[in-house]
Amino acid sequence: MAHIGMDLNRFILEEERKHPNATGSLSLALTAVETATKIIASHVGKAGLANVLGRAGGVNVQGEEVQKLDVLSNEIMIQHLSDSGQFYALASEELEEPIFPENGKDGRYVIAFDPLDGSSNIDVNVSIGTIFSIHKKITGTVEDFLQEGYKQVAAGYVLYGSSTMLVYSTGNGVNGFTLDPSVGLFLLSHPDIKIPERGKIYSLNEGNYLKWDEKLKQYINALKEKGSSSRYIGSMVADVHRTLIKGGFFAYPADEKNKNGKLRLLYEVAPMSFLVEHADGKATTGKEDTLKIKPESLHQRVPIFLGSKANIEEILSSLN
Ligand code: AHM
Ligand code: MG
C-alpha cells in the first residue's frame, strides 16, 4: 500500500503490479522522466549563477558555453527519454518536428513535453516547470501525437518551486511527490489529490481584459464583486498546481488577438486537463471538454478553463 514518504520508484512498481499484463515499459518510461527532471531541477536551482558566472550564449568559468535554461532542459529531456528506449517518438514544445530516437524502435509509447514552461519567469527566480504527456504508439507516425487527451496513458508535471514536486497520473488517481534534495529521491507527499469542489481563487492574465469578449469581462467583474481572490503567477505549472490544491480556476481564454488563446494543446492543455479531471475537477475550452479534442497539429493552441467542478460549470453557463 502506498504511504506518505514512499519513494516514487517503489510507487511506480506497486502501480505496475496492479496490472498483471504490464510489461514494465511504462514504469521505465516514467523513470526516465523522473531522472531527466531531477537533473533539470538541479540546473534550475543554480539558475541565478549563470548570470554571475557567464551569460547565456557566453562562456562560463569552466570555459563551457552557457546555454539558456530552456534549451538545456530540452536537451536533457531528449537525451534521457531517448536513452530509455521506451519512446518510439518525442515531441517537444521547443522543436518544430518530432524526433524518432534510434533506440526507440521497440518503444511502446510516444511522449509530448514542454521542457521548461513559464519562460518569462526563468530569469526572475519564480516557479517554473516541466510538463509531459504520454500516449501509446499506434501507427508509428506523427499521427500518434494527434490522439485525444482522454487517451493519454500518463501525464504529469514537475514544479520547480520552493521545493521540487512531481505530480502525475496514469488515470488512476493523481499523486504528488516532493524531491528530498539531500537523498535525491521523490517521496510521496500528496497522495490521491482531489481538487476542492469549489474554490474562491481565479487565475488568469487580467492584462488581456480589454481584448476579452463581453461575457467573460462581466463574469470576472462579478467575481470581484463577490470578493473572490486573484492569483496569477504566469507559470502554468505553478498556477495549475495551486488550483489543484486550493481549488478555484485557472484560465487562458481566447481574446481579440489570440483567437485560440496562448497555450498548446499537446504540451500544456491536454496533460494538465488529464490531471485536473482525474482529481475530480473539470477542463474546457469554454465550448468543449479539452480531453475530447482530436488535435489537428503538433503545435495547436486552444483556450483553456480548468479547475474546481462547480467553478467551471458556472463559467460554462456564464459564457454560453
Ligand atoms: P511558454 O511556453 O513560452 O513558457 O508560455 C507558457 C506560459 C504558461 O506557463 C503561462 O500560463 C502563460 O504562458 C502565461 O502567459 P502570459 O504571460 O501571457 O500571461
Ligand atoms: Mg510552455
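Order of appearance sets the numbers: ligands from 1, and atoms from 1 within every ligand.
Under 4.0 Å is where a charged nitrogen must lie from a carboxylate oxygen, and between E206 and K224 at least one such pair does. Between E314 and K226 there is a salt bridge, since a side-chain N of the basic residue sits under 4.0 Å from a carboxylate O of the acidic one. The pair K38-E34 meets the salt-bridge criterion, with a side-chain N (NZ, NE, NH1 or NH2) lying under 4.0 Å from an Asp/Glu carboxylate O.
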Just list the side-chain donor-acceptor pairs under 3.5 Å for residues 255-262, sequence neighbours left out, or say none.
residue, atom, partner, partner atom, Å
D255, OD1, K257, N, 2.9
D255, OD1, N258, N, 2.7
K259, NZ, E256, O, 2.8

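Residues in residues 103-116 take part in no side-chain hydrogen bond (donor to acceptor under 3.5 Å, both in side chains) pair, two or more places apart or across chains.
Only protein atoms were considered; those of element N, O or S under 2.8 Å from the Mg ion (ligand 2) number 4.
In this model, a donor atom of one side chain and an acceptor atom of the other lie less than 3.5 Å apart for D180 and S182.
Using a 4.5 Å heavy-atom threshold, the side chains of I233 and N121 count as touching. With a 4.5 Å cut-off on side-chain heavy atoms, N205 and Y232 count as touching.
At a 4.0 Å heavy-atom cut-off, the residues surrounding ligand 1 are E93, D114, D117, G118, S119, N205, Y232, G234, S235, M236, F250, Y252, K262, L263, E268, listed by chain and number.
The number of heavy atoms from other shown groups lying within 6.0 Å of NZ (K200) does not exceed 12.
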